[in-house]
Amino acid sequence: MSEKELKNLEEIFEARIARDEKIEPKDWMPEKYRQTHIRQISQHAHSEIVGMLPEGNWITRAPSLRRKAALLAKVQDEAGHGLYLYSACETLGISRDELYEQLHSGKAKYSSIFNYPSVTWADMGAIGWLVDGAAIINQVPLCNTSFGPYARAMVRVCKEESFHQRQGFEIMLTLCNGTPEQKDMAQDALNRWWWPSLMMLGPTDDASVHTEQSLKWKLKRKTNDELRQQFIDQTVPQADLLGLTIPDPDLKFNEETGHYDFGEIDWDEFWQVVKGHGPCNKERMKARVDAWENGTWVRDAAMAYAEKQAKKKVAKAS
Amino acid sequence: MSEKELKNLEEIFEARIARDEKIEPKDWMPEKYRQTHIRQISQHAHSEIVGMLPEGNWITRAPSLRRKAALLAKVQDEAGHGLYLYSACETLGISRDELYEQLHSGKAKYSSIFNYPSVTWADMGAIGWLVDGAAIINQVPLCNTSFGPYARAMVRVCKEESFHQRQGFEIMLTLCNGTPEQKDMAQDALNRWWWPSLMMLGPTDDASVHTEQSLKWKLKRKTNDELRQQFIDQTVPQADLLGLTIPDPDLKFNEETGHYDFGEIDWDEFWQVVKGHGPCNKERMKARVDAWENGTWVRDAAMAYAEKQAKKKVAKAS
Amino acid sequence: MNKENLYNYILGIADNSLILAQRLGELCGHGPNLETDIALTNISLDLLGQTRSYYQYAASVSGDSKTEDDIAFLRLERDYKNVLLLEQPNTHFGYVIGRQFLFDVYHLLFMQELQKSKDETLVAIANKGIKEVSYHQRFSSDWIKRLGDGTKESHDKIQEAIDALWRFTDELFDLTENDNTMVEAGIAVDVSKLKEKYYKSVAEVLTEATLTIPESKFFTRGGKTGTHTEHMGYLLADLQYMQRTYPDMKW
Amino acid sequence: MNKENLYNYILGIADNSLILAQRLGELCGHGPNLETDIALTNISLDLLGQTRSYYQYAASVSGDSKTEDDIAFLRLERDYKNVLLLEQPNTHFGYVIGRQFLFDVYHLLFMQELQKSKDETLVAIANKGIKEVSYHQRFSSDWIKRLGDGTKESHDKIQEAIDALWRFTDELFDLTENDNTMVEAGIAVDVSKLKEKYYKSVAEVLTEATLTIPESKFFTRGGKTGTHTEHMGYLLADLQYMQRTYPDMKW
């Protein structure tokens, strides 16, 4: 392809996106578009499956049968999200094994929030309420993103996430309406998850490297700081409703802007966790790698069996 | 050695035993004496270390700090007993590795009682009271057995065992003086451990293969049935003191004999457990083999290090 | 037959579902791939659903203020009546599948018979559950075949698991005194009659999977009378943790 | 400084001994050989003895009817203040020795300073404990050398453990608000001042053991303020099992 032809294709491509047309896997796309999408979709998929771990930690200890079943179902949904997202990613010409390899080797990232430990039952509430809440704010705009398979996966994901978010809030509400010990547990969970949740919306705009290009491709529709403000504005009244105190002495409603002002985020902590030095990075990665490695013989068996069966069929047919 | 010389040596040997002299490792002894002692002493050593497992099972869950420390110390004593007994056995010309190999391969036996699970805290009481009680009855006569190292080890073992037995009884007493739930727990433990404890004294005399020879060598001083009767006569009044019911409807004091009559023992169960099909035979053996195999690299390291240090010393000296 | 007999009978069934669901719950997020992870979680969810129906029924039978959670979380170890098979640990995936398969074949036969019970609520639970259980059995049987007739390694591993778990199968067909009373009342399944069919079905799948049917005639029992293996206490310590630590609260 | 400060300070020390004793207790009967099994149990027993002295003192300070067992078994996870290092699991013998060594070096320095406290009871406990702890440190240092300078396999395994546990060491030298109050009162050890000596001692042993001193400057903390790793909940579920299941009884 000549340089001119390439430029032409790129122009047509950008025009399609500008017209809000969906790009499908078989369509021509710039290599950078493909790579950026592989990076983002797989990162998202990895976040789902690593995100199973802090919640999975409480399945055996859930305090009632109803909560146990709901938690199991929620963690299972996350596995399901992982599945759609890996599938969407595979349409871009990368295999699931390669994607796992990137995760296990540390080359691919996942959402840093899952590197914090889940230390009490109230964390199941806080994760649903805050973490899923922040995730939805990140993800809703992606239902209209330009890459078709990703956009469609997100529609499904967002619907379930918002169910999870309500469920998390309801766990918090039950605790806050419960005994003083339960309310303490809820407040403690909010204290620990609040700041990491704010960090989930990504670094501040001036530190964010991918924003401009991502806005053009509709992988982003708002900047990180806008999303963060939206999350805070939405969450503070919910905390009030619960009767919990957001652990930020600088938090205050600004009558002029109509938004909440808030205190400084500890970006050193953020970067430390991103770089692999959070409280549970090692544990999370070990859990994933162990699951994968302990499962090798199982996957091999399934493959060997399928091949034997296929051969038998062929033998019969001939 | 001519047959006559051998016979002569044997006669001198038997005479020494008859005079209650101790046989020491360096003394001449008939091969059968050596083999019988290796079998019995190692079986006894194995019983100590397998016996650590049912009690070890409750260390992390002991109900008070005092009980936790006492239980730890008790299980540690059993390791100590294992250590003396293996050492005594090694004087007969067999290595500890060979002895372990016999245990792990199933060639050597250990006391079948340890193939029952410890399912409640009260089992820590019942094991001390009944199992150590029966063990003492088996073992006290061995303090005067003919083989010196074994006799001396037994003096030490018996002293500690009787401390353990009192401790076990005291656990039972505390439970029996406690709440109804605690008393139920104690009764339940007695129900489960009573019959296996009776079996600990060995098969009935007519089914016992080693008795006659063992009596001569003072490896036994009473028959299994005599020991069993002694155990029952001693234990029934203790159960009365605790206010517990021995789970044997046929148990009754016989004014004529001055002993307790008792019901039929389920010898099928006994032989099934001896042959490896008790409730925990597989788990016990797995725990021992795992400990040994997981420890291989550690023992190898210690050996390699010791060799390096020895070489360094030699190098320095020369 | 009285109320207490019925109550105990329901618990005997329900505890099986609870304990297996709990074991499967440990695996969530740690499966050999996402599809299997999701499938095992599904089974756990089905079993938990059944558990809740049974305990809710038991709670209503008991007539006192007990809830499903009191029954699930606040009994002593000796009062859980699940069979020993189901409390065995997730040693490796072969054990997970072996345990599931050895139970599913029984569970399906059991549910089919429970549909004929004179107790309408149990029939309703069985009618709903039987579809789930037949899916479980298909799932575990398929995996028995995949592992048995997969690679050398998988063959050895699933054979090892079947051999190790085999000794817990005979207990499935024991009848407690309470069971006998309930069989006479036409409510309980006479599980002793399922034995032959069970071993036949199991043998068929194992054979197709190129596995050897264990020959041992020595079996371990005790779960139905509440004498559990040493694994059970640790399972309960986790299961009961919250309810024991924070008594009398709503969640 | 008030009574509550002292109470909390004692617990902060005692919880370290309790949690390490508990972890070591898990190993009893499963050691690589009898001699090591006995030695590790000895350490566990020493630590339990210290724990009891501390808690008994704390109970007397609290002035209410609390007993050592109430303190040991009936707190919520967030109220245990042991450092994260000590709750880490017995992954393999390298981790057991690595954890022990990284704590023992600190513990000995700590005990030496505690002997200078203005609180007589703490001084008495330290006087008694210091002999035990210096034995522990000798034991674990010797094993660090054996494993480090033993075989290739043992070298790699102990290095792996040291590398993995290293990130929990910095927390040892944190001072909580309560600690600061107690340091000012002349009762607490200013652990922040032990840091340099600690890393020097550790480095000496690691070097002699032919091991590499980890370079990471990233550390994990939280135990001293009660935010534990996910291992802690399971440890407590077992530790507290009996007291939670059978409340208010004597044992």
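Quick caveat: nothing in here was measured; it's all calculated off a predicted structure. Every chain is numbered from 1, with letters handed out A, B, ... down the list of sequences.
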Measuring only between side-chain heavy atoms, which start at C-beta, is C:L239 closer than 4.5 Å to A:R61? no
Does a donor on one side chain and an acceptor on the other come within less than 3.5 Å for C:K250 and A:Q182? no
I'd like to know if the side chain of C:E153 reaches the main chain of A:W297, judged simply by a donor and an acceptor atom lying under 3.5 Å from each other, with no hydrogens or angles considered. no
Heavy-atom distance under 4.5 Å to chain A: side chain of C:Q243, backbone, both or neither? side chain
With a 4.5 angstrom heavy-atom cut-off, which part of A:N294 approaches chain C: side chain, backbone, both or neither? neither
If you look at every heavy atom in A:G82 and C:L34, which pair is closest and at what distance? C-CD1, 4.0 Å
Heavy-atom distances under 4.5 Å only: say whether A:L83 touches chain C with side chain, backbone, both or neither. both
salt_bridge(C:E35, A:R96) N-O dist < 4.0 Å: yes
Is there a side-chain contact between C:Q22 and A:K68, using heavy atoms and a 4.5 Å cut-off? yes
Counting only heavy atoms not in C:D248 (residues, nucleotides, ligands), do more than 12 fall under 6.0 Å from its CG? no
Report yes if the side chains of A:L65 and C:D69 come closer than 4.5 Å at any heavy-atom pair, otherwise no. yes
Greatest number of heavy atom pairs closer than 4.5 Å to chain C - which of A:A291, A:A301, A:G56, A:P63: A:P63
Non-hydrogen atoms of chain A under 4.5 Å away: do they reach the side chain of C:F93, the backbone, both or neither? both
Residue by residue, which of residues 119-143 of chain C have a heavy atom closer than 4.5 Å to a heavy atom belonging to chain A? C:W143
Portion of C:L18 that has a non-hydrogen atom of chain A nearer than 4.5 angstrom: side chain
Where does A:M185 contact chain C at under 4.5 Å (heavy atoms): side chain, backbone, both or neither? side chain
First locate atom NZ of A:K308, then atom CZ of C:R146, and finally report the distance between them rounded to the nearest 0.5 Å. 13.5 Å
Minimum-distance pair of heavy atoms, taken over all atoms of C:G29 and A:M52: CA-CE, 3.6 Å
Relative to chain C, which segment of A:T179 carries a heavy atom at a distance below 4.5 Å: side chain, backbone, both, or neither? side chain
Does a side-chain heavy-atom distance below 4.5 Å link A:E181 with C:M249? yes
With a 4.5 Å cut-off on side-chain heavy atoms, are A:W58 and C:Y241 touching? yes
For atom OH of C:Y234, is the number of surrounding heavy atoms from other residues, nucleotides or ligands below 6.0 Å larger than 12? yes
If you compare all heavy atoms of A:A287 against all heavy atoms of C:H30, which two are closest, and at what distance to 0.1 Å? CB-CE1, 4.2 Å
Counting only heavy atoms closer than 4.5 Å, note whether A:A62 contacts chain C via side chain, backbone, both or neither. backbone
To the nearest 0.5 Å, atom OG1 of A:T60 lies from atom CZ of C:R23 at 10.0 Å
Heavy-atom check, side chain of A:I59 versus side chain of C:E26, under 4.5 Å: no
Highest number of heavy-atom pairs under 4.5 Å with chain A among C:L235, C:D149, C:N42 belongs to C:D149
Checking C:D37 against chain A: side chain, backbone, both or neither under 4.5 Å from a heavy atom? side chain
Is there a side-chain contact between C:N33 and A:R299 in this structure, where contact means two heavy atoms from C-beta onward sitting under 4.5 Å apart? yes
Roughly how far, to the nearest 0.5 Å, is the CD atom of A:E78 from the SG atom of C:C28? 8.5 Å
Cut-off 4.5 Å, heavy atoms of chain A, and the answer for C:I38 is both
Quick check on C:K157 against chain A: is it the side chain, the backbone, both or neither that has a heavy atom closer than 4.5 Å? side chain
Heavy-atom closest pair (A:L72 atom, C:G25 atom, distance to 0.1 Å) is CD2-CA, 4.4 Å
Side chain proximity check, A:L175 to C:W251, heavy atoms < 4.5 angstrom: yes
Closest heavy-atom pair and its distance - C:T151, A:A304: CG2-CB, 3.8 Å
Starting at CD of A:Q76, measure out to CG of C:L45 and round the result to the nearest 0.5 Å. 5.5 Å
Which heavy atom in A:G295 sits nearest to a heavy atom in C:P32, and how many Å separate them? CA-CB, 3.6 Å
